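So the structure is just underneath, and the comments pick up after that.
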Amino acid sequence: MRVRNRILQLNRANRLKFGTVPLPMKDEWRLRGMRAGLLDRIAAPDIFEFVWVGSQICIDNDFIVHYPTVEEWEWEEAMTCPVPHPHVWIETAADGPDGADERIYIWDVTRDEGRGFTAAPLVFDQQNSTLSHFGTYVVVAQNEIDDLGRRGTVKVFNALTQYADDYEIDEFYEHANMLARLFRMLCHPKATVETKPVDERTNRERRRRGRETIAHQTTVRISVEALQYRGTNAIGGHASPKEHHRRAHKRRYADGRETTVRECVVNRGHGGVAPLPQHFSVD
């Protein structure tokens, strides 16, 4: 069963639990007041679901979350790629030690027409049937230019009064990188789309019994080549290096080390074009 359906079923049966980090009582109540709207969004009939397999989010033995590195050229290409639907649900399982692989990372994404997208990060613990949210929204403006001249800005907003004072919000910028990677890959011609038709006879019987119908499922297969493919003229199967601006940032390694990457221009003098988007439809 897909995670979204499971969350909705648990909620209907009054068995869905809610979790978050320790918060002042005022913020606890504020977060509780947001739950009804959150569940209404999850239950929206026109939501477009993606299950992202192999996203490489992992949790170590100390239950610290690690995200794969998203390169600057990936980000730059992603800023030209559209969100495939006005309302998108993306879920991906984390790899980790005992119990950690039961965590499903979720983004509830709204396309901001002509500007970018807004994402609400969620976490669902399958083992404990617990949905965690943090009153946080990640806003990506694809056409804005940041202070270093790079296209695409990220802003993190939190609806709680004290969250940003007590907890690090850097992780939410990693969420923006992950979403940029996915939307970029969906646009590539090297990503193949397979549609599995639904048995209409089965759906008619489910409707007769008052049960949820089975939705059409489309599988988007993204190979390693598609992940590494750049929107430029390739020679011998490999993409030419593309000139791009690398912002100053900290790079985290799997062993916990950090290093500072200085601002610079990479592959100066090499051009390239972004990939054309694929077309997705919702029945």
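Treat the numbers as computed from the prediction; the structure is a model and nothing was measured.
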When hydrophobic residues are tied together by side-chain contacts of less than 4.5 Å, even through go-betweens, does [X] share a cluster with [Y]?
X    : Y    : result
V51  : Y105 : no
W75  : I145 : no
V139 : V70  : no

Partner set under ring pair (Phe, Tyr, Trp, His ring centres under 6.0 Å) for F117, not counting sequence neighbours
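Applying ring pair (Phe, Tyr, Trp, His ring centres under 6.0 Å) to F117 gives F183.
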State which residues pass ring pair (Phe, Tyr, Trp, His ring centres under 6.0 Å) with H133; sequence neighbours excluded, sorted by chain then number.
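H133: no ring pair (Phe, Tyr, Trp, His ring centres under 6.0 Å) contacts found.
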Spacing of [atom1] belonging to [X] relative to [atom2] belonging to [Y], to within rounding of 0.5 Å:
X    : Y    : atom1 : atom2 : answer
L31  : T136 : CG    : OG1   : 9.0 Å
R32  : L23  : CZ    : CG    : 10.5 Å
E174 : D170 : CD    : CG    : 8.0 Å
F172 : F134 : CZ    : CZ    : 6.0 Å
M178 : H175 : CE    : NE2   : 8.5 Å
R103 : S132 : CZ    : OG    : 8.5 Å

For a 4.5 angstrom cut-off between non-hydrogen side-chain atoms, does [X] reach [Y]?
X    : Y    : answer
Y137 : N158 : no
T110 : R41  : yes
R184 : T80  : no
V140 : T118 : no

Would you please test V123 and I106 for side-chain contact (heavy atoms from CB on, under 4.5 Å) and show each step?
CA-CA 6 Å; V123 180; I106 299 164; over 6 Å; no
Could you tell me which non-hydrogen atom of [X] sits nearest to which non-hydrogen atom of [Y], and how far apart they are?
X    : Y    : result
R6   : S129 : NH2-OG, 3.8 Å
R181 : T69  : NH2-O, 2.9 Å
A78  : Q142 : O-NE2, 3.4 Å
A94  : I59  : CB-CD1, 3.9 Å
T130 : F18  : CG2-C, 3.8 Å
V83  : G116 : CG2-O, 4.4 Å

Check against side-chain contact (heavy atoms from CB on, under 4.5 Å), W107 and L122:
CA-CA 6 Å; W107 296 281; L122 309 166; over 6 Å; no
Could you check whether any side-chain N or O of S55 sits under 3.5 Å from a backbone N or O of W52, counting only pairs where one atom can act as donor and the other as acceptor?
no
Is a side-chain N or O of E77 found less than 3.5 angstrom from the main chain of E74, in a donor-acceptor match?
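Looks like no, no N/O pair under 3.5 Å.
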Geometric class of the F48/H85 ring pair [parallel <30°, tilted 30-60°, perpendicular >60°]:
perpendicular
Chi angles and distances behind the side-chain contact (heavy atoms from CB on, under 4.5 Å) call for I90, V109:
CA-CA 8 Å; I90 301 164; V109 182; 4.2 Å; yes
Regarding E171 and Y67, do their side chains bring together a donor and an acceptor under 3.5 Å, going by distance alone?
yes
For D108 and H87, test the side chains for any donor-to-acceptor distance below 3.5 angstrom and give the result as yes or no.
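Yes.
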Could you identify which residues cluster with I64, counting Ile, Leu, Val, Met, Phe, Trp and Tyr as linked when any side-chain heavy atoms lie under 4.5 Å apart, either directly or through a chain of such contacts?
none
Pick out which of P84, P82, P86 makes a side chain to side chain contact (heavy atoms under 4.5 Å, CB included) with R111.
P86
Let me know which of L10, I42, D125 forms a side chain to side chain contact (heavy atoms under 4.5 Å, CB included) with L131.
I42
Sequence neighbours left out, what passes side chain to side chain contact (heavy atoms under 4.5 Å, CB included) with K155? Give chain and number order.
E144, F157
List in chain and number order the residues that pass side-chain hydrogen bond (donor to acceptor under 3.5 Å, both in side chains) with R115, two or more places apart in sequence or in another chain; answer none if no residue qualifies.
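None.
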Residues forming a side-chain hydrogen bond (donor to acceptor under 3.5 Å, both in side chains) with W89, sequence neighbours excluded:
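Expected list: E91.
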Should the pair R151-E76 be classified as a salt bridge under the 4.0 Å nitrogen-to-oxygen rule?
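Salt bridge absent between R151 and E76.
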Which is it for T161 and R30 under the side-chain contact (heavy atoms from CB on, under 4.5 Å) test, yes or no, and what are the steps along the way?
CA-CA 9 Å; T161 60; R30 182 171 294 186; 3.5 Å; yes
